[in-house]
Protein chains: 6
Amino acid sequence: MRTTDTPGGIRSGANVRLMTRAVTPGSYDPVTNGHLDIIGRAAQLFDEVVVAVLNNKTKRTLFSTEERIEMLREVTAQWPNVRVDSWHGLLVDYCRENDIKAIVKGLRAVSDYDYELKMAQMNHQLTGVDTLFMPTTPAYSFVASSLVKEVATYGGDVSSLLPKSIEQRLQQRLDENR
Amino acid sequence: MRTTDTPGGIRSGANVRLMTRAVTPGSYDPVTNGHLDIIGRAAQLFDEVVVAVLNNKTKRTLFSTEERIEMLREVTAQWPNVRVDSWHGLLVDYCRENDIKAIVKGLRAVSDYDYELKMAQMNHQLTGVDTLFMPTTPAYSFVASSLVKEVATYGGDVSSLLPKSIEQRLQQRLDENR
Amino acid sequence: MRTTDTPGGIRSGANVRLMTRAVTPGSYDPVTNGHLDIIGRAAQLFDEVVVAVLNNKTKRTLFSTEERIEMLREVTAQWPNVRVDSWHGLLVDYCRENDIKAIVKGLRAVSDYDYELKMAQMNHQLTGVDTLFMPTTPAYSFVASSLVKEVATYGGDVSSLLPKSIEQRLQQRLDENR
Amino acid sequence: MRTTDTPGGIRSGANVRLMTRAVTPGSYDPVTNGHLDIIGRAAQLFDEVVVAVLNNKTKRTLFSTEERIEMLREVTAQWPNVRVDSWHGLLVDYCRENDIKAIVKGLRAVSDYDYELKMAQMNHQLTGVDTLFMPTTPAYSFVASSLVKEVATYGGDVSSLLPKSIEQRLQQRLDENR
Amino acid sequence: MRTTDTPGGIRSGANVRLMTRAVTPGSYDPVTNGHLDIIGRAAQLFDEVVVAVLNNKTKRTLFSTEERIEMLREVTAQWPNVRVDSWHGLLVDYCRENDIKAIVKGLRAVSDYDYELKMAQMNHQLTGVDTLFMPTTPAYSFVASSLVKEVATYGGDVSSLLPKSIEQRLQQRLDENR
Amino acid sequence: MRTTDTPGGIRSGANVRLMTRAVTPGSYDPVTNGHLDIIGRAAQLFDEVVVAVLNNKTKRTLFSTEERIEMLREVTAQWPNVRVDSWHGLLVDYCRENDIKAIVKGLRAVSDYDYELKMAQMNHQLTGVDTLFMPTTPAYSFVASSLVKEVATYGGDVSSLLPKSIEQRLQQRLDENR
């Protein structure tokens, strides 16, 4: 039997254990069904999941940081323990400042893995924060925001790859940019 | 603020949340420093970590299931939320019967990943249990029980790869088998 | 405009072109939905597809060569240009004797690819027969006969991974062997 | 016995079967011996092979789309069933508009494969068009247009990697750009 | 017993053998502990090791070619048979002009390997110079100059990844650029 | 100018430098053109190359250790600084006992690399001996002894994959075993 007596803490008998908070970082430009698959599954495993949008001024994105946050809030509203935020700078600093113990990443393919492995080992050495890789559901294994945008730009049907409301905003933005 | 009012459950305000239990399955024949690295880090992230020893009658092992459990209990005693057990049959059945939500695996190299990815996707489809891959600490990235046994058999020095007590038992067993 | 005037030949104006026959080799012990995905798609691309069952006396299989052929005939009956056969020895010899120009293989993962690539290059050098790799449909990317048998042996539900009639024969065979 | 009685169709007894047309897409900036290896082998397997040059206004190329087409026509003239064309937009739309059933790609290395696999799965889901990967002949496994151009720019000898006429045009263009 | 009687030559009995000189090429912007690991180990295996800094006018670097050479000279002074130089153009031309028989590269991960393999095969075909891949020490397997710079830019602690004097120059340069 | 005045030592001016000896370990059951490619190239880079045949009593081979040594001596006679030997036990012990500083291995494919990388890191940690990977010449990239034996067993033509004398001994041995 456990009781909590401090914010962010869980008491297990006599032992106090800190709440486990994980982060799922990304550009989310825009959020896809593949992202939601990972976020939803992480929400089953951790006390709180922070979806952190990369706010990188030097990288051009289709949607602004605020728009990406807004879209994520809308489609993750179904999970009460998911929170959306943005970060810039080092992810490990963000983790330290927010008591985040684990970075959770979806992994599609082996070539993703090599780069992500180096980042994970660097991050662990720098601050001790761990990275956990979660394989994407096979049906979403090929869904990347960049491919989705490219297909939609040329009029391809991406309705099976995105939540309906996100698809509408994507089409609208692409129309504006034409 | 959270309180628990049922065995294995955590209450968060009005919401009851089940305790998060993860399993780190393996042969552990015998346990290495690489294994301990993963077990210890998993123990920081989950409420309970079950170290599950594969009890496979058709596969020859150097140590019996009982011996492997005993050695693991000894070297994981430092983590109060780590429990050692054995399993046979399907790992996903073991997970279901023990309310385990996540399988945690150390991942050394890309070629490991492909096989493990198929297993993870199969396991997720069969029962919904998730697999999380945690990169090994670089210094342990080449430490596999099979290599350790091979090196020790020919008299190589493996003291940096195993806990001291495990190394002694390994030497003793190899001497008995000569 | 084309006309055929010899068995296995297609005339295109004055040019005679041989019919394109491909082979999808395998153990098929037993055939899975993943296999059928590849066979069916190959049947759209080639004039004739020969499903060739490996008849390897030294490798133990759950079903005999005859049983595997029978099951394949049953589940591929929907495609008129698919034929089932068995082979032993070198696949390239079988290709030469049967006027087969291409070997078609489903490819699940990168680690499969390396071994298959060497085989394909060896086969091409030996006889000029080409190997084409066709990515499996994501939903079947983890379905291998060996995993399916292992899961079924321990009572796991594999009904989504096999045609219904094949699943029944698999359960029956596993019951007989218990 | 087969006869064709409609454009693009092949009659096989009573069954009418559409001609199998495949596409080998690429930048071909310029065509190399590695490309020709794949085009020539595809021409043995399909009724018609369309070599489709990517016409991408936003990507700088050494040769214009028209020049790349002209060079390809010259060096593929030996295969009567090979046709050269250009495309922009989604390759799958081009396939649909031209009754193309298969995309054929040469595959050099494992790291190519991961990206190509995602594209292939996306393309299959969007329109049902299949992608077939054909391993390059080992002797050409390292020949990429970008490497060839880099080597030639610094005066390296690339005569074994390109058809003679293409090498001359490459040298000429590089001289013009100096 | 051997004697040398010509510059750069070693006589072994009646046979004269040329001195074996290897090159470790790179951007070294700046040199890291991972680079030094490879350079120092190569220095044990070859008569002379040339550390060659890529002088590429079109690629922006944090440090000038002269600065990178100066830093390398400082931190490799401990090995008498290591020499620092710069090159532009084709590495194989540099090798030919300097009687270099082998290119030595550290290899961190599998995804590095695919690209490097193509380069190595191209270089061998062009001039016969061989490339040898040396696995990085596990503890440095994630240390890349680009990651180090990114971490340092945001104030992360990189003191374990660089020689002390290099770290100071890196901090100073980043301060100047702010 | 250099002179040697001690066995295994090379004097370079006043500095004495030990001779660099490398080993190319393997089963060589039997030696192929792919092996000879690596041995010949290593012989250009090191003072002495020891071709070490694995003498493993528990692994069945087609040729005895003595036969494999004899065949290797015959086909490496062209290189005066190549010596053939056998070893059992740990390769690193053999290296230490024979003043060998480097293990040289041919590398065909990425999946080879992962396993070999772990072995290399283990060997380096145990005794400091380095492993260098040399990419195979593309034309030999698919030539493995096991594939060659399998093809030859079924009567396939392997004359382009082996030295002529080795091919004859292979055919003879396969005939004896029939």
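Lettering follows sequence order; numbering is per chain, from 1.
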Nearest non-hydrogen partners of Thr131(F) and Pro135(E), listed with the distance: O-CD, 3.2 Å

Heavy-atom closest contact (Lys101(E) atom, Gln44(F) atom, distance): NZ-O, 3.4 Å

Contact check, side chains of Asp47(F) and Thr20(E), non-hydrogen atoms, under 4.5 Å: no

Separation between CD1 of Ile38(E) and CG of Asp130(F), rounded to the nearest 0.5 Å: 8.0 Å

Separation of Thr136(E) OG1 from His124(F) NE2 (nearest 0.5 Å): 10.5 Å

Leu45(F) side, atom CG; Arg21(E) side, atom CZ - distance, nearest 0.5 Å: 13.5 Å

Heavy-atom pair count under 4.5 Å with chain F, highest-scoring of Met134(E), Gln121(E), Gln125(E), Arg41(E): Arg41(E)

